[in-house]
Student: 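Can you read through this structure? Questions will come right after.
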Protein chains: 2
Amino acid sequence: MFTAEFEFKVDRKGRISVPADYRSTLAHDSYSGIVLIPVEGERALEGFGNERLESLAKALDDPDTYDDEDELELVKQHFAKARRVPFDGDGRIVLPVETRKHAGITDTAIYVGGGNTFRLWHPEAYEAHKERLEAKARTRTKPVPLRLKPRKRKPEAEP
Amino acid sequence: MFTAEFEFKVDRKGRISVPADYRSTLAHDSYSGIVLIPVEGERALEGFGNERLESLAKALDDPDTYDDEDELELVKQHFAKARRVPFDGDGRIVLPVETRKHAGITDTAIYVGGGNTFRLWHPEAYEAHKERLEAKARTRTKPVPLRLKPRKRKPEAEP
DNA sequence: CTTGATTCCATTGACATCCATGAATTCCCG
DNA sequence: CGGGAATTCATGGATGTCAATGGAATCAAG
C-alpha cells in the first residue's frame with residue numbers, strides 16, 4: 001500500500017532513498033528493489049514491486065486481457081521501458097539515466113502514493129500536475145468519492 | 001464499527017490517543033494503526049483501518065470501478081493525501097502536520113463515529129458543523145430514517 | 001591506470017519505544 | 001452487598017534507535 005508524499009534528495013551519483021514506509025510494504029517481495037516505468041504523457045515514473053510486475057506479465061499471457069494484437073504490442077513496450085532497480089544496503093536505489101531524463105529529475109524527487117503503485121516526480125512538475133488536477137476538479141459539480149464497488153450504470157449497449 | 005464522540009488531547013508532540021473502543025474494532029487489522037485522509041470541502045479528517053484502504057486500492061485496479069481517466073487521477077490523489085499513522089505502544093498516533101493544518105487541530109480533537117469510518121475534528125469546527133446540519137434538518141418535513149437497503153428510485157433523466 | 005559502479009562506514013536529527021502517573025473502571029472476595 | 005485490589009486508559013516525559021544523507025573504500029572493467 002503506497003500513500004502520502006515524500007520528498008527526497010538525489011545525490012551526485014543518482015542515488016535516492018526509498019521511503020521506509022514503502023520499503024516495508026515491499027518487504028514481502030522476493031526481489032529486494034523496485035520497478036520503475038516512465039509514464040507516457042507525463043513527466044513522471046510509475047513505481048511498484050516486482051510481484052506486481054509478475055502479475056502484469058501473467059495477465060499478458062491471458063488471451064482475454066487485451067483485445068487486439070496492437071494493444072498487446074503496445075503493452076509489451078511498457079516492459080521494454082521498465083527498469084528493475086535494486087536496493088543498496090541502506091534502502092536506496094540509483095535512478096537510471098533514462099528515467100531521470102524522462103521525469104526531469106535532477107537533485108530532488110517526490111514520491112507520491114497511489115494505492116498499489118506510486119509515482120516519482122520532479123517536485124515542481126508534481127506541483128504543476130496537482131494544479132492541473134485541481135482545476136479539472138473544479139469543473140465538476142461533485143467530488144469524486146473513493147469507491148469500493150463499480151457504480152451501478154444503466155444498461156449499456158450490449159457487448 | 002465506529003460510533004459515538006470522543007474528545008482527546010493533542011500533546012505538544014502532536015500525539016493523540018485513539019479511543020480504546022475504536023482500537024478494538026481495528027484489532028483484527030494486519031496493520032497496527034489507522035489511515036487519515038483530509039476531507040475535501042470540510043475541515044475534518046476521515047479515518048479508518050488499513051484493511052479498508054486495501055479494498056479501496058483493489059477497487060482502483062479494477063477497470064470497471066472508475067470509468068474515465070480523469071476520475072481515476074482524481075481518486076489517486078486521495079491516496080497521495082492519505083497518511084498511514086501507526087499506533088505507539090500505548091495506542092496513540094502522531095497527527096501529521098499537514099493533516100493537523102487541514103483540520104485546524106491544535107491541542108484537542110474530537111473523534112466522531114460514522115459507521116465504517118470516523119472523522120476527526122477540531123471540537124469547535126465540529127460544533128459548527130452540527131449546527132449547520134441541524135439547520136438543514138429543520139427545513140425537512142420528515143426526518144431521515146436509518147435504511148438497510150438502497151431506496152428504489154424512479155428512472156432518472158439520462159446523464 | 002582510470003573510470004564507473006557498488007558496498008561499506010559515519011553523522012545527525014527525528015521519532016518510536018519505554019517508563020511513570022493518576023484517574024476511572026472492573027473484579028473479586030469477604 | 002461493599003470495599004479494597006487490580007486493570008485499563010489517557011496523558012506526559014525521557015532516551016535509544018533508526019532513517020536519510022554524504023563520503024570513503026572496494027571492486028570491475030576498459
Student: Show which residues join B:Val144 in its hydrophobic cluster (side-chain heavy-atom contacts under 4.5 Å, direct or indirect), or state none.
Tutor: none

Student: Got a sec, which pairs hit side-chain hydrogen bond (donor to acceptor under 3.5 Å, both in side chains) with one end in residues 135-150 of chain A, sequence neighbours left out?
Tutor: A:Lys136-B:Asp70

Student: Donor-acceptor pair, distance only, cut-off 3.5 Å: does the side chain of A:Asp88 make one with the backbone of A:Asp90?
Tutor: yes

Student: With a 3.5 Å distance limit and no angle check, can you tell me whether B:Asp21 reaches the backbone of B:Ser24 through a side-chain donor-acceptor pair?
Tutor: no

Student: Give the residues of residues 82-104 of chain B touching DNA chain C, defined as any heavy atom closer than 4.0 Å, sorted by residue number.
Tutor: B:Asp88, B:Asp90, B:Arg92

Student: Regarding B:Tyr126 and B:Glu5, is there a side-chain donor-to-acceptor distance under 3.5 Å anywhere?
Tutor: yes

Student: Does anyone know the first and last nucleotide of DNA chain C in reach of chain B, 5' to 3', at under 4.0 angstrom to a heavy atom?
Tutor: C:dT17 to C:dC19

Student: Heavy-atom count check: over 12 atoms from other residues, nucleotides or ligands less than 6.0 Å from B:Asp61 CG?
Tutor: yes

Student: Just by distance, no angles: are the side chains of B:Glu51 and B:His28 close enough, under 3.5 Å, to form a donor-acceptor pair?
Tutor: no

Student: Would you confirm whether B:Arg43, through its side chain, and B:His122, through its main-chain N or O, come within 3.5 Å as a donor-acceptor pair?
Tutor: no

Student: First and last nucleotide of DNA chain D touching chain B, 5' to 3', heavy-atom cut-off 4.0 Å?
Tutor: D:dC9 to D:dA14

Student: May I ask you to list the residues of residues 115-123 of chain A, by number, that have any heavy atom positioned under 4.0 Å from an atom of DNA chain D?
Tutor: none

Student: Quick check against the 3.5 Å criterion: does A:Glu71 have a side-chain atom that pairs as donor or acceptor with the backbone of A:Asp67?
Tutor: yes

Student: How close do B:Phe8 and B:Pro19 get, counting heavy atoms only, and between which atoms?
Tutor: CE1-CG, 3.5 Å

Student: Taking only residues two or more places apart in sequence or in another chain, which ones pass ring pair (Phe, Tyr, Trp, His ring centres under 6.0 Å) with A:His129?
Tutor: A:Trp121

Student: Within 45 degrees of the ring normal and closer than 6.0 Å to the centroid, is that where the cationic atom of A:Arg119 sits relative to A:Tyr111?
Tutor: no

Student: Which of these passes side chain to side chain contact (heavy atoms under 4.5 Å, CB included) with B:Arg100: B:Leu45, B:Val94, B:Ile105?
Tutor: B:Ile105

Student: At a heavy-atom distance below 4.0 Å, what parts of residues 12-34 of chain B sit against DNA chain C?
Tutor: B:Arg15

Student: Quick check against the 3.5 Å criterion: does A:Thr3 have a side-chain atom that pairs as donor or acceptor with the backbone of A:Gly113?
Tutor: no

Student: With A:Phe2, which residues qualify under ring pair (Phe, Tyr, Trp, His ring centres under 6.0 Å), at least two apart?
Tutor: A:Tyr22, A:Phe118

Student: Supply the members, apart from A:Phe79, of the Ile/Leu/Val/Met/Phe/Trp/Tyr cluster built from side-chain contacts under 4.5 Å; use none for a lone residue.
Tutor: A:Val35, A:Ile37, A:Phe48, A:Leu53, A:Leu56, A:Leu60, A:Tyr66, A:Leu72, A:Val75

Student: Could I get the full list of salt bridge (charged side-chain N to carboxylate O under 4.0 Å, His left out) partners for A:Arg83, not counting sequence neighbours?
Tutor: A:Glu98

Student: For the helix from C:dC1-D:dG30 to C:dG30-D:dC1, what is the angle between the axes at its two ends, each from 5 pairs, rounded to 10°?
Tutor: 50°

